[in-house]
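Before any comments, here is the structure.
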Amino acid sequence: MKLNGYDKFYYTLHKYVLTCIGLWPYQSRMSKRFFFITYGISSCSLIIALIAGLSEKWSTDPVIILENMLGIIFLTSSTAESSILYMHESKIIEFYDKIKTDWKKLTNKKEIEILQMHTRKGQFVSTAYILYGIPAFAIFGFVTFLPPILDPPSRVEYSHIFPYYFYCMIINEDFRYYQIVLHCMVSFSYASVSYLAVNCTFAKCVNHVCGIYAIICYRLQNAIEPTVVRGPFNKLKNSKLIRFNLIDVIAKHREVIHGVDMIEQIFSTGFLVIEIAGFSGIALVIADILYNQKNAYQLFRIMVVTAIFLVYIFYINWMGEQIIQVSDDVRLTAYFIDWFTLSIEAQEIIHMIVWRSCKTNKLTAGSFVALSLENFLSMLKTSWSVATVLLSAHRSQKNAHFTGYGITNSFTNSSST
């Protein structure tokens, strides 16, 4: 299945990323199940190993706790989001068929150019994210696991520190470190590809809808162009043709609203998981950054992952903002055309378009939070507050521990005297 308007490189890249985890809707059933089950086993097994290892070897070192919790959140959210997308396969195919149908219906050269422009916009952003995300995760993995390879004596101690790994899942103690590294690299690579796959699918759907909204605005602006001959009192003639054009705009507007509802049904639940995980992840990495302000090595490792988290959360909220803006553009375009030169019947149709577009279309995360830049900034602000609270709580606990230790020692010394 070849999607119209997509260049060969992007189409191949998009298809490959989705196929790797069994989310390409047009791959064979056996291939889909094999890749998705492989991905699920690798991710779930590491989640279990990290959770059990963290509970088994709980440490007072906040860096270890934060980074293990961050890994658990990252893997859990990617697995949940991919599973939700996997269950919506039929709806994704339906939306892809809608994209194909919309392209076939277009005959106006200008409208084709408008849709192509929005399509290429989505291609560029998604490709840029993929080309940044894969090397960024690779750098984080090498920086994390390469030092013990270069310094074998520290390998035993290092493998017991990060990540915490359930002891009962170790196959051979002599190869403990290599098992942990291999398991983590495979699972985190799959999770990374999962995020990229969802991002590509979401970007393609949203940018197509934005392109259709732009076409609606174009048709509204040109609804009266074919009939520029004016009659008495500067009224436009051929009102029947104008009404026909405006009714066509209403039908197209109804279709694009349905398209937004389809995107909401496909991605809403998954993005609720991502928003919760993103909020928690950003709070944890900010706390980690604040705790390691003087440690350049730790800062470099965490900053790479922080950038990925921030870009991803920003991207899905920015896409939601695009839907809000283009849906509002329809209302503004309908209001500012020369409606006063139209017949009463045409003015009533314009009024209907304005009234319908007053309710802004938006994408949400689980019908609770609207995806928008305002929501992104609110998440950053709240995450920063949570991070400072976590750091303050740790410092208070640490001070209390040392104070208690000092009191105990004083009491012991006085007793012995």
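Start at 1 with the first residue, then count along the sequence.
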Problem set entry | Non-hydrogen side-chain atoms of Tyr213 and Asp329 separated by less than 4.5 Å | no
Problem set entry | Residue pair Ser367 / Thr364, side-chain heavy-atom distance below 4.5 Å | yes
Problem set entry | From CA spacing to verdict: salt bridge (Lys or Arg N to Asp or Glu O under 4.0 Å), Asp328, Arg331 | CA-CA 5 Å; Asp328 195 50; Arg331 177 181 61 84; 2.8 Å; yes
For this session: With rounding to the nearest 0.5 Å, note down the distance linking CD1 in Ile92 to CD1 in Ile263.
Result: 11.5 Å
Seminar exercise, completed: One should read off an interatomic distance between Ile21 CD1 and Ser43 OG, to the nearest 0.5 angstrom, of 9.0 Å
Exercise. Once you round to the nearest 0.5 Å, how far does CD1 of Ile215 lie from CD1 of Ile112?
Worked result: 8.5 Å
Problem set entry | Minimum side-chain heavy-atom gap Arg356-Ile257 below 4.5 Å | yes
Problem set entry | Glu111/Lys252 ion pair, N-O < 4.0 Å | no
Exercise. How far apart are the closest heavy atoms of Gly211 and Leu115, and which atoms are they?
Worked result: CA-CD1, 3.8 Å
For this session: Give a yes or no on whether a salt bridge exists between Lys362 and Glu321, defined as a side-chain N under 4.0 angstrom from a carboxylate O.
Result: no
Exercise. Is the CD atom of Glu113 crowded by more than 12 outside heavy atoms at less than 6.0 Å?
Worked result: yes
Exercise. Regarding Ser357 and His253, is there a side-chain donor-to-acceptor distance under 3.5 Å anywhere?
Worked result: no
Problem set entry | Stepwise side chain to side chain contact (heavy atoms under 4.5 Å, CB included) test for Phe188 and Leu46 | CA-CA 9 Å; Phe188 280 108; Leu46 185 57; 3.9 Å; yes
Exercise. Should the ring pair Tyr315 and Trp318 be called parallel, tilted or perpendicular, given that the plane angle runs from 0 to 90° and is split at 30 and 60?
Worked result: tilted
Exercise. What is the distance from atom OG of Ser280 to atom CD1 of Ile72, rounded to the nearest 0.5 Å?
Worked result: 12.0 Å
Problem set entry | Inter-residue atom distance Asp261.CG - Ser268.OG, 0.5 Å rounding | 11.0 Å
For this session: Compute whether any side-chain donor of one residue and acceptor of the other, for Tyr195 and Ser77, lie under 3.5 angstrom apart.
Result: yes
Exercise. What closest approach, in Å, do Ala370 and Asn317 show between heavy atoms, and which atom pair accounts for it?
Worked result: O-OD1, 4.4 Å
For this session: Check whether any side-chain heavy atom of Ile93 lies under 4.5 Å from a side-chain heavy atom of Tyr26, and answer yes or no.
Result: yes
Exercise. After noting the C-alpha distance and the side-chain angles of Phe314 and Leu377, does the key distance pass the side chain to side chain contact (heavy atoms under 4.5 Å, CB included) rule?
Worked result: CA-CA 9 Å; Phe314 170 80; Leu377 295 176; over 6 Å; no
Exercise. Would you call Lys98 and Asp102 a salt bridge, using N to O less than 4.0 angstrom?
Worked result: yes
Seminar exercise, completed: Of Phe36, Phe35, Tyr39, the one forming a ring pair (Phe, Tyr, Trp, His ring centres under 6.0 Å) with Tyr190 is Tyr39
Exercise. Counting only heavy atoms not in Met303, do more than 12 fall under 6.0 Å of its CE?
Worked result: no
Seminar exercise, completed: Heavy-atom nearest pair, Ala387 first then Ala287, reads CB-N, 3.6 Å
Problem set entry | Side-chain donor or acceptor of Ser31 paired with backbone N/O of Ser28 under 3.5 Å | no
Exercise. Does any donor atom in the side chain of Gln322 or Asn207 lie under 3.5 Å from an acceptor atom in the other side chain?
Worked result: no
Exercise. If you measure from CG on Leu50 to SG on Cys184, what distance do you get to the nearest 0.5 Å?
Worked result: 6.0 Å
Exercise. Shortest non-hydrogen contact from Lys32 to Gly22?
Worked result: CG-O, 3.1 Å
For this session: Would you check if Phe271 and Val369 make a side-chain contact, meaning some heavy-atom pair closer than 4.5 Å?
Result: no
Exercise. Can you name the nearest heavy-atom pair linking Leu75 to Ser187, along with the distance?
Worked result: CD2-O, 3.9 Å
Exercise. For Glu275 and Asn375, what are the C-alpha separation, side-chain angles and deciding distance, and is it a side chain to side chain contact (heavy atoms under 4.5 Å, CB included)?
Worked result: CA-CA 10 Å; Glu275 288 283 305; Asn375 175 59; 2.9 Å; yes
Exercise. Between Glu94 and Lys91, does at least one N-O distance fall below 4.0 Å, as a salt bridge requires?
Worked result: no
Problem set entry | Side chains of Trp24 and Val17 in contact at under 4.5 Å (non-hydrogen atoms) | no
For this session: Assess the side chains of Ser194 and Glu81: does a donor N or O sit below 3.5 Å from an acceptor N or O?
Result: no
Exercise. Hey, mind stepping through His183 and Ser45 against side chain to side chain donor-acceptor pair (under 3.5 Å) and telling me if it holds?
Worked result: CA-CA 9 Å; His183 197 179; Ser45 60; 2.8 Å; yes
Problem set entry | Verdict with supporting geometry, Gln221 and Thr333, side chain to side chain donor-acceptor pair (under 3.5 Å) | CA-CA 7 Å; Gln221 292 171 343; Thr333 303; 4.5 Å; no
For this session: Among Ile84, Leu363, Thr201, find the one that has a side chain to side chain contact (heavy atoms under 4.5 Å, CB included) with Phe267.
Result: Thr201
Exercise. Looking only at heavy atoms, which two atoms of Val260 and Val209 are closest? And how far apart?
Worked result: CG2-CG1, 3.6 Å
For this session: Indicate whether any N or O donor in one side chain lies under 3.5 Å from an N or O acceptor in the other, for Lys204 and Tyr96.
Result: yes
Problem set entry | Within-4.5 Å side-chain heavy-atom neighbours: Leu380 and Leu310 | yes
Problem set entry | side chain to side chain contact (heavy atoms under 4.5 Å, CB included) between Met319 and Cys210, worked out | CA-CA 10 Å; Met319 281 293 179; Cys210 289; over 6 Å; no
Problem set entry | Candidates Asn245, Asn108, Asp248 - the one meeting side chain to side chain donor-acceptor pair (under 3.5 Å) with Arg219 | Asp248
Exercise. Does some side-chain heavy atom of Cys44 sit less than 4.5 Å from a side-chain heavy atom of Thr79?
Worked result: yes
